[in-house]
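Accompanying notes for the structure given below.
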Amino acid sequence: MANCKICLLPGDGIGPEIIAEGCKVLDAVGAKRGMTFAYTEALIGGCAIDACGTALPQETLDAANVSDAVLLAAVGGPKWDTTDPDAPRPEQGLLGIRKALGLYTNLRPVQIFSALADASTLKPEIVDGVDMMIVRELTGGLYFGKRERFYNEEGAGTNGAAGQRAYDTLEYREYEIERIARQAFEAARKRRNKVTSVDKANVLETSRMWREIVHRVHDEEYPEAELEDLLVDNAAMQLINRPADFDVVMTENMFGDILSDEAAQITGSLGMLASASLGDGVALYEPSHGSAPDIAGRGVANPLAQILSVEMMLRYSFNRGDAADDIRRAVTAVLDEGWRTGDIKDADTPADHVVGTAKMGDLVVERL
Ligand code: NAD
């Protein structure tokens, strides 16, 4: 593709700092591989609330819809934290854009860069060979169900007094489970062809339906894939007990949210993990971490998860495995040479090899 239209959503906190490095690397790999990129920047999250009173302005959705791919950094921060259910919150931008673009699949690769094997809090022999893909359902379940909060309700307080009551609804439809199951089996086909489906079928009706449908899709369409079921509490344990055994881990929205952060931690740094959110149209790419308000504005954030999101964008939206591989090789080389941002340095890292956000981006560009 000659000129790819990218919608940039820097968001809040470290977002603007890391997305700049993503673009730097994208332009460099484009120059090498004959691709050019045209960027349109739009607001999402806290900065959009400040400017427009909503976390997802219509202009942002319009910009995303006319682009070939969306590159997002992160949203949120203490400035916008609130328990007022009527106040706008930055995450509404994220949930809203996922829903509006129909991004029902979230792919999170969890791989260990060998230079960073020591960064994991798990023993090296446990993390050796970890290479899994978390496939999370992204537009259904508890995060999108009906929710409500009642105040001053008779009997909801202590000793029968009036108090508060709230509920969230966990709901799935058959087609939502069928399509995510297919995405997981398709992803597995390109890997080691093993799918672990995570649910809570001993308690939840949605999980019982999930399990039934996943098995039907497997038996009818992907019988050659290996399929195992795991209850979510057991999955949380097995992920740190035997992480290298997992290939594709497929699960519903909230379980996936939690388990993918747990899996991320196996690698030792959240600052290293990218994600892709795919649907039937424009796809969105973002780091797995948040806006890191504790280090925002200091130029020390790790831009590699953002840069690796660019790698995923080239692979999934532009079908350019060659350019994607260039980025992966460049990142691997930079790490092998011992360059580290603060979050991934260790006691053996020489002080002159601890670099900031922009320098890390420059190093990746040089290795390209
Ligand atoms: P976080 O991921 O922002 O930060 C967790 C810890 O990891 C912090 O110590 C942070 O400094 C560090 N960290 C994260 N990314 C890093 C990077 N690239 N380089 C170096 N260190 C990094 O999670 P949190 O602190 O729970 O949340 C902060 C804000 O981000 C909250 O407002 C939250 O709602 C939001 N959030 C947004 C997203 C998203 O945009 N997708 C995801 C999670 C959290």
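Side chains are part of it too, since the values below use all heavy atoms of this structure and drop only hydrogens, waters and symmetry mates.
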Here the gap from R242 atom CZ to I240 atom CD1, rounded to the nearest 0.5 Å, amounts to 12.0 Å
CE of M313 to CZ of R320: how many Å apart, nearest 0.5 Å?
-> 14.0 Å
Distance, nearest 0.5 Å, that separates NZ of K200 from CE of M254 = 11.0 Å
Residues 118-127, side-chain donor-acceptor partners within the protein, below 3.5 Å, at least two apart:
{"from": "S120", "atom 1": "OG", "to": "L122", "atom 2": "N", "distance (Å)": "3.0"}
{"from": "S120", "atom 1": "OG", "to": "I266", "atom 2": "O", "distance (Å)": "2.7"}

Can you list the other members of the hydrophobic cluster that holds L231, where links are side-chain heavy atoms under 4.5 angstrom apart?
-> none
With a 4.5 Å limit on heavy-atom distance, are the side chains of T251 and E137 in contact?
-> no
Scan for salt bridge (Lys or Arg N to Asp or Glu O under 4.0 Å) pairs involving residues 25-44, sequence neighbours excluded, and state none if there are none.
-> K32-D326, R33-D322, R33-D326
Taking the side chain as C-beta and beyond, is there a heavy-atom pair between P88 and T54 under 4.5 Å?
-> no
Assign the ring pair H218 / F185 to parallel, tilted or perpendicular, where the plane angle (0 to 90°) is split at 30° and 60°.
-> tilted
Once you round to the nearest 0.5 Å, how far does OG of S260 lie from CE of M133?
-> 12.5 Å
Is there any ring-ring contact (aromatic ring centres under 6.0 Å, His included) pair reaching into residues 140-168, and which pairs are they, with sequence neighbours excluded?
-> none
Let me see the working for T196 and E228 under side-chain hydrogen bond (donor to acceptor under 3.5 Å, both in side chains), right down to the final yes or no.
-> CA-CA 5 Å; T196 303; E228 70 169 348; 2.8 Å; yes
Could you check if a side-chain atom of T40 sits within less than 4.5 angstrom of a side-chain atom of K5, using non-hydrogen atoms only?
-> no
Quick one: pull up CD1 in I18 and OG in S309 and give me the separation to the nearest 0.5 Å.
-> 7.5 Å
What residues form a side chain to side chain donor-acceptor pair (under 3.5 Å) with E59, not counting sequence neighbours?
-> none
Between D62 and Q58, a side-chain donor and acceptor under 3.5 Å = yes
With sequence neighbours left out, what residues match E337 under salt bridge (charged side-chain N to carboxylate O under 4.0 Å, His left out)?
-> R367
Those residues that, when tested against D280, pass side chain to side chain donor-acceptor pair (under 3.5 Å) (two or more places apart) = Y104
Side chains of V135 and N106: does their closest heavy-atom pair fall under 4.5 Å?
-> no
K146: partners by salt bridge (charged side-chain N to carboxylate O under 4.0 Å, His left out), with sequence neighbours left out | E148
Solution key, residues 345-358 side-chain donor-acceptor pairs under 3.5 Å, sequence neighbours excluded:
{"from": "D346", "atom 1": "OD1", "to": "D348", "atom 2": "N", "distance (Å)": "2.9"}
{"from": "D346", "atom 1": "OD1", "to": "T349", "atom 2": "N", "distance (Å)": "3.2"}
{"from": "D346", "atom 1": "OD1", "to": "T349", "atom 2": "OG1", "distance (Å)": "3.2"}
{"from": "T349", "atom 1": "OG1", "to": "D346", "atom 2": "N", "distance (Å)": "2.9"}
{"from": "T349", "atom 1": "OG1", "to": "D346", "atom 2": "O", "distance (Å)": "3.2"}
{"from": "T357", "atom 1": "OG1", "to": "G299", "atom 2": "O", "distance (Å)": "3.1"}
{"from": "T357", "atom 1": "OG1", "to": "V300", "atom 2": "N", "distance (Å)": "3.4"}
{"from": "T357", "atom 1": "OG1", "to": "A301", "atom 2": "N", "distance (Å)": "2.9"}
{"from": "T357", "atom 1": "OG1", "to": "A301", "atom 2": "O", "distance (Å)": "2.8"}

Counting only N and O atoms by type, is there a donor-acceptor contact under 3.5 Å from the side chain of R329 to the main-chain atoms of L368?
-> no
Assess whether side-chain hydrogen bond (donor to acceptor under 3.5 Å, both in side chains) is satisfied between H289 and N302, documenting all intermediate values.
-> CA-CA 10 Å; H289 58 72; N302 183 351; over 6 Å; no
For the residue pair I6 and Y285, establish whether any side-chain heavy-atom pair is separated by less than 4.5 Å.
-> no
Enter the distance from L273:CG to Q306:CD here, rounded to the nearest 0.5 Å.
-> 13.0 Å
Should side-chain heavy atoms under 4.5 Å link Ile, Leu, Val, Met, Phe, Trp and Tyr, which residues sit in the same cluster as V75?
-> L9, I44, L56, L61, V70, L72, L94, I97, L101, L103, V282, L284
Who else is in the cluster with I49 when I, L, V, M, F, W and Y are joined by side-chain contacts under 4.5 Å?
-> W80
Do L8 and C23 have side-chain heavy atoms sitting under 4.5 Å apart?
-> yes
Quick one: do D12 and K79 satisfy salt bridge (Lys or Arg N to Asp or Glu O under 4.0 Å)? Show the steps, please.
-> CA-CA 10 Å; D12 309 311; K79 180 178 177 193; over 6 Å; no
Starting from the C-alpha separation in whole Å, work towards a yes-or-no answer on side-chain hydrogen bond (donor to acceptor under 3.5 Å, both in side chains) for D343 and T341.
-> CA-CA 6 Å; D343 58 315; T341 44; 2.6 Å; yes
Report the residues that fulfil salt bridge (charged side-chain N to carboxylate O under 4.0 Å, His left out) with D199, sequence neighbours left out, ordered by chain and then residue number.
-> R211
